[in-house]
There are 4 protein chains.
Amino acid sequence: MRIGILTGGGDCPGLNAVIRAVVRKGIGEHGDEIVGFRDGWRGVLESDTVPMDLGSVRGILPRGGTVLGTSRTNPYAVEGGPERVLATVERLGIEALIPIGGEDTLGVATRLAGAGVRVVGVPKTIDNDLDSTDYTFGFDTAVGVAMEAIDRLHTTGDSHHRTLVVEVMGRHAGWIALHAGMAGGANVVLIPEKPFDVDGVVAHCLHRFGSGYSPIVVVSEGAKPKDGDLMLSTGERDAFGHVRLGGIGAALASLIEERTGREARAVVLGHIQRGGTPSPFDRVLATRFGLAAVDAVHDGQSGVMVALRGTDIVRVPLSAATAQLKLVPPERYAEAEVFFG
Amino acid sequence: MRIGILTGGGDCPGLNAVIRAVVRKGIGEHGDEIVGFRDGWRGVLESDTVPMDLGSVRGILPRGGTVLGTSRTNPYAVEGGPERVLATVERLGIEALIPIGGEDTLGVATRLAGAGVRVVGVPKTIDNDLDSTDYTFGFDTAVGVAMEAIDRLHTTGDSHHRTLVVEVMGRHAGWIALHAGMAGGANVVLIPEKPFDVDGVVAHCLHRFGSGYSPIVVVSEGAKPKDGDLMLSTGERDAFGHVRLGGIGAALASLIEERTGREARAVVLGHIQRGGTPSPFDRVLATRFGLAAVDAVHDGQSGVMVALRGTDIVRVPLSAATAQLKLVPPERYAEAEVFFG
Amino acid sequence: MRIGILTGGGDCPGLNAVIRAVVRKGIGEHGDEIVGFRDGWRGVLESDTVPMDLGSVRGILPRGGTVLGTSRTNPYAVEGGPERVLATVERLGIEALIPIGGEDTLGVATRLAGAGVRVVGVPKTIDNDLDSTDYTFGFDTAVGVAMEAIDRLHTTGDSHHRTLVVEVMGRHAGWIALHAGMAGGANVVLIPEKPFDVDGVVAHCLHRFGSGYSPIVVVSEGAKPKDGDLMLSTGERDAFGHVRLGGIGAALASLIEERTGREARAVVLGHIQRGGTPSPFDRVLATRFGLAAVDAVHDGQSGVMVALRGTDIVRVPLSAATAQLKLVPPERYAEAEVFFG
Amino acid sequence: MRIGILTGGGDCPGLNAVIRAVVRKGIGEHGDEIVGFRDGWRGVLESDTVPMDLGSVRGILPRGGTVLGTSRTNPYAVEGGPERVLATVERLGIEALIPIGGEDTLGVATRLAGAGVRVVGVPKTIDNDLDSTDYTFGFDTAVGVAMEAIDRLHTTGDSHHRTLVVEVMGRHAGWIALHAGMAGGANVVLIPEKPFDVDGVVAHCLHRFGSGYSPIVVVSEGAKPKDGDLMLSTGERDAFGHVRLGGIGAALASLIEERTGREARAVVLGHIQRGGTPSPFDRVLATRFGLAAVDAVHDGQSGVMVALRGTDIVRVPLSAATAQLKLVPPERYAEAEVFFG
């Protein structure tokens with residue numbers, strides 16, 4: 001078979017592991033031909049392809065990012081986009097597409113499947129907020145980067161008797177903050193799912209100082225205080241209109257410093273969370289996703305996505321996967337709260 | 001409540017995270033008293049205890065090993081052992097026991113539960129071979145140590161055009177070899193579940209050399225060749241009768257060198273796989289196990305073990321957990337085989 | 001002898017290794033008594049002490065920060081400060097002081113030595129800008145943290161075809177940027193010693209994009225553009241008057257985005273550079289500094305500082321050490337420039 | 001100029017950084033042509049070359065090993081070898097050679113320089129035992145791998161109350177054991193330079209157990225007991241005549257277990273010490289060596305080797321570099337002894 005593969009949206013450790021698995025299994029076991037599209041749907045729109053052979057994927061397993069490149073191009077947002085995509089698929093003789101991506105990329109995939117293209121999706125979101133799969137690859141790596149930062153910050157905080165606020169990724173869901181905070185021994189974890197009370201945070205910080213140690217506050221970039229206006233007063237755009245670093249983290253550190261009367265500092269982990277070599281968990285998960293996607297294609301499936309359920313890789317409808325975000329449920333947040341203060 | 005806690009068997013990254021979670025939740029939320037027993041069941045036999053308060057568990061989350069110490073003492077293998085254990089529990093007013101351990105430790109737990117002691121077990125095995133739970137903590141850390149070693153060995157192997165054989169833990173089950181091999185891009189993975197054919201291994205090595213790169217062979221310590229006698233001819237005990245390092249790994253490297261006509265070297269990872277700071281996955285899992293064990297105790301449960309199912313922590317009968325080993329199923333091994341050669 | 005020890009200024013990986021070495025050598029070889037002062041000179045001013053024995057330093061070698069705490073208190077900036085310091089030294093029977101710190105801490109040490117107190121200093125600056133020593137501990141660790149971040153950022157930058165600007169520590173000297181940039185394969189390195197030309201940076205970025213890869217720009221927090229006013233227009237203080245994150249890094253990313261016409265993102269590494277476990281180089285150097293300081297004290301030295309020259313630990317006058325900053329010389333910067341673009 | 005480059009002997013993290021620096025500086029600044037020889041002197045003997053351009057060295061900085069391959073081939077040990085080497089150099093129009101290697105490789109270089117070939121050597125030895133340079137690249141990385149292993153082993157040793165013996169590289173010189181032992185907080189360090197007394201080692205182990213913690217013994221592979229015959233009785237070759245893993249480490253662990261009456265285990269780090277990504281220190285040092293070698297070539301130098309002195313890269317005669325091994329001096333070993341027991 002002639003199978004097209006592409007990676008869309010934000011990059012994520014493990015993308016190359018998926019690509020490698022698709023190529024190794026497709027070529028090695030089925031004699032498939034694998035066509036890589038550059039930069040996500042942009043490559044499909046513009047017929048920008050790269051032929052993938054066994055040599056193309058040698059050595060890429062431990063590397064972050066994606067050798068295919070990525071973009072946020074959405075063919076359905078482009079004049080005549082869907083038609084051009086279908087034309088490319090037709091002209092290149094692509095018999096199946098394996099798009100690897102998040103909500104947006106898989107949303108396109110869902111519509112293409114509806115339009116008759118054979119599509120098997122691979123879920124990707126570093127935030128771990130895609131429904132229908134226990135975990136997505138990249139998440140464990142991001143949590144690891146954040147946890148290592150927290151491990152480092154404990155000693156510097158304690159030495160200086162200051163609060164450290166660590167801002168991590170998570171615009172809508174707090175999974176990275178939750179796991180990194182639990183793994184790093186954070187004293188407060190703030191997530192988008194639960195608007196927080198600044199005074200409550202300050203109380204935990206003061207309690208921690210009272211024990212002779214210094215607090216670590218982990219906050220999702222999308223976390224919001226109950227008293228929302230307060231934070232927005234710290235303008236968040238620079239002279240060029242770009243969003244500035246240090247939105248919620250810096251603002252919160254300022255408030256904590258004000259109200260505890262002790263120094264506070266913010267650290268914004270930013271892009272180091274999504275770059276670099278994937279963790280073992282992510283390499284295995286991404287590899288298994290890639291293998292399972294090729295299996296699904298050869299089983300004649302379409303409109304499905306591979307997903308993790310327990311230790312099994314299963315197939316779920318693409319539509320279900322993107323129907324709603326997977327948020328941190330209250331009982332999981334309650335686990336982290338045991339360690340507050 | 002007065003709750004006893006102990007860690008038995010081989011140490012494992014994450015034990016301290018469990019202990020910390022039990023103490024924080026027990027004391028912080030329920031006002032429990034937590035009694036630590038030193039060195040597993042030995043501490044119970046000999047009433048060797050250490051009182052646990054919030055200060056006892058400060059800073060232990062990122063540390064490997066167990067602050068309680070461990071041993072392989074089995075009270076049922078000791079004259080009058082069970083009676084002494086029951087007497088200790090009675091005399092100290094222990095209302096519930098939380099033993100953290102593997103097959104042996106939980107086997108004792110099962111019998112004590114049968115004898116009327118309230119027991120909630122926490123599963124621990126670095127080999128990931130306990131049934132009834134998707135994963136045990138420590139496993140992900142061990143896989144990570146092995147994967148990092150494999151990452152390192154690729155470049156030295158390629159530079160010298162030699163085969164590198166990496167022997168990892170796994171006496172009865174090949175989970176560490178499977179995951180580390182898949183994550184590290186190994187060219188052959190050998191596990192106890194599937195006796196291997198030396199000539200098949202050699203063929204994969206030669207194929208790899210043919211591509212201009214050098215092979216990495218990952219082998220579980222418990223893997224066995226089909227032609228078993230061959231390997232046993234390389235005596236495995238030293239002058240003092242102790243088991244020597246380099247059983248299967250060294251023997252296999254010798255055979256590969258003989259039959260490929262190119263240098264081969266063995267690396268035995270040994271104890272570095274089980275020591276050191278736990279991975280984020282293991283810290284979160286171990287913490288959740290500890291919290292759930294306290295919940296189970298306060299829910300009046302006994303004879304159960306906490307376990308991971310998907311993303312949930314559930315309770316399963318202790319007896320079921322230790323009934324049989326969880327082995328690598330053929331379909332999982334087949335996933336690794338896609339990348340052989 | 002009765003020896004006082006203290007750590008002042010910003011914390012640094014390796015401080016605990018110095019403290020441990022002083023205690024182990026002083027107590028173990030000389031039968032000294034070691035008195036720890038809490039939070040740098042504040043502890044001396046306020047007679048806030050902690051007795052140090054072999055148990056106090058067990059397990060602290062791999063830990064970042066300082067078990068003694070630190071502060072920026074300067075007794076010479078406090079009314080009656082010097083008198084109180086001398087009174088403390090007298091009253092506690094301190095025969096020698098080992099202050100571990102940077103310019104400020106050692107400046108105080110110099111004046112106390114002049115006032116008759118026996119003082120042997122240990123140099124500490126994460127920025128590596130203290131004269132008279134080849135390296136200071138903490139620097140290698142900071143470079144390592146920054147290099148790992150750059151390693152991670154390469155793949156995410158390439159995947160998205162965007163520039164990544166990494167802001168590292170270095171207010172007056174660019175050593176961290178220079179070494180991390182060379183080690184991480186940065187395409188531009190900007191340091192305080194050499195005001196930069198924004199258009200030159202942009203040209204390097206465009207050249208890099210032209211090769212099919214994405215640029216990494218490493219910038220010291222203290223680096224300044226030639227056209228200085230331009231940058232200052234991006235206000236750097238938040239609503240509470242605290243310095244905001246993302247000074248030069250964020251401003252530069254904005255300019256690069258404007259002028260290359262491609263996305264640019266900034267990452268500010270901040271405090272993770274100074275926390276956490278020290279690198280092997282720093283642990284060995286810090287340990288040797290501590291041992292040598294005790295030797296110097298017992299040799300009757302005062303007003304000196306231990307220092308690294310090649311592979312030897314030597315003694316230099318405290319005054320010389322703090323006379324001027326050690327800046328990156330042009331020929332070292334030229335080495336990095338070979339790899340620009 | 002037309003410059004040949006080759007890497008010989010055991011591989012070492014940092015080799016690729018040297019190669020990259022030679023290519024970037026040679027081509028980028030001087031318009032040189034760079035010819036890579038495959039597998040050390042073998043490639044020169046057999047005219048096995050690979051043209052090196054800027055693309056050849058892209059992305060290789062963080063990678064261990066050597067993209068040129070390596071071997072232990074010595075042209076002076078081959079019939080007609082020297083003549084063939086000179087003929088290759090002549091025929092390919094090589095105006096200067098930059099061999100990167102240790103004693104053997106640089107010994108050949110010395111003789112070729114004597115025969116009129118322009119040669120500038122780059123020193124390489126993971127053991128750090130080449131004279132005339134403060135450090136060689138690869139050493140810091142190896143120390144880091146060993147230190148991380150020791151960090152991990154502390155917790156498992158303490159949990160089980162057992163001695164852990166860590167065997168590290170160092171056949172003739174104990175630098176890796178010394179630095180890794182100091183950095184890892186080892187309780188005994190044994191090096192080839194100082195034959196050890198088994199009972200002395202046992203006494204330190206017992207003392208450590210007495211403090212409630214478990215001993216870590218770091219031993220160079222080349223360390224020897226005073227009572228040498230004792231150890232040799234544990235045969236060190238397997239059924240195929242290959243040297244077995246676990247020579248001194250396993251033998252010593254057996255003796256310690258016998259004499260302390262407590263379990264002891266050995267870990268042999270082996271090849272993971274020399275593979276993998278170089279540390280920041282090694283990347284910077286190797287890069288500077290490469291740059292300096294090109295400078296030396298263009299300055300018309302020959303028969304010299306680049307070397308580190310303090311923070312400077314200098315040139316020393318090749319002959320001096322290989323005249324004698326750099327061993328651990330007694331005063332450096334005495335530093336480690338402060339922490340024994």
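Throughout, a chain's letter reflects where its sequence line sits, starting with A, and its residues are numbered from 1.
Using a 4.5 Å cut-off between heavy atoms, C:T66 touches chain A through backbone and side chain atoms alike. Using a 4.5 Å cut-off between heavy atoms, C:I150 does not touch chain A at all. At a 4.5 Å heavy-atom cutoff, A:L68 makes no contact with chain C through either its backbone or its side chain. For A:H161, the part sitting under 4.5 Å from any heavy atom of chain C is the side chain, from C-beta outward, and nothing else. Contact annotation for A:S71: neither backbone nor side-chain heavy atoms come within less than 4.5 Å of a heavy atom of chain C. With a 4.5 angstrom heavy-atom cutoff, A:N16 does not touch chain C via any of its atoms.
With sequence neighbours left out, C:R38 forms a side-chain contact (heavy atoms from CB on, under 4.5 Å) with C:R42, C:D48, C:V50.
The neighbour count for A:F209 CZ, taken as heavy atoms of other residues, nucleotides or ligands under 6.0 Å away, is above 12.
For the residue pair A:D11 and C:T156, a side-chain donor N or O sits within less than 3.5 Å of a side-chain acceptor on the partner.
Ranked by heavy-atom pairs under 4.5 Å with chain C, the first of A:L269, A:D39, A:V67, A:V166 is A:D39. Of the listed residues (C:R265, C:R274, C:Q273, C:R63), the one with the most heavy-atom contacts under 4.5 Å to chain A is C:R265. Of the listed residues (A:R72, A:H154, A:R152, A:H271), the greatest number of heavy-atom pairs within a distance under 4.5 Å of chain C belongs to A:R152. Interface summary for chain C: among A:G157, A:G270, A:G64, A:P13, the most heavy-atom pairs under 4.5 angstrom belong to A:G64.
A 4.5 Å side-chain heavy-atom check between C:R162 and C:S214 finds every atom pair outside the cut-off. Residues A:F37 and A:T49 have side chains in contact (heavy-atom distance under 4.5 Å, counting atoms from C-beta outward). With a 4.5 Å cut-off on side-chain heavy atoms, A:V217 and A:C205 count as touching.
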Using a 3.5 Å cut-off and no angle test, enumerate the donor-acceptor pairs between side-chain atoms of residues 140-148 of chain A and protein atoms at least two apart in sequence or in another chain.
from: A:D140; atom 1: OD2; to: A:S279; atom 2: OG; distance (Å): 2.6
from: A:T141; atom 1: OG1; to: A:S279; atom 2: N; distance (Å): 2.9
from: A:T141; atom 1: OG1; to: A:D282; atom 2: OD2; distance (Å): 2.6

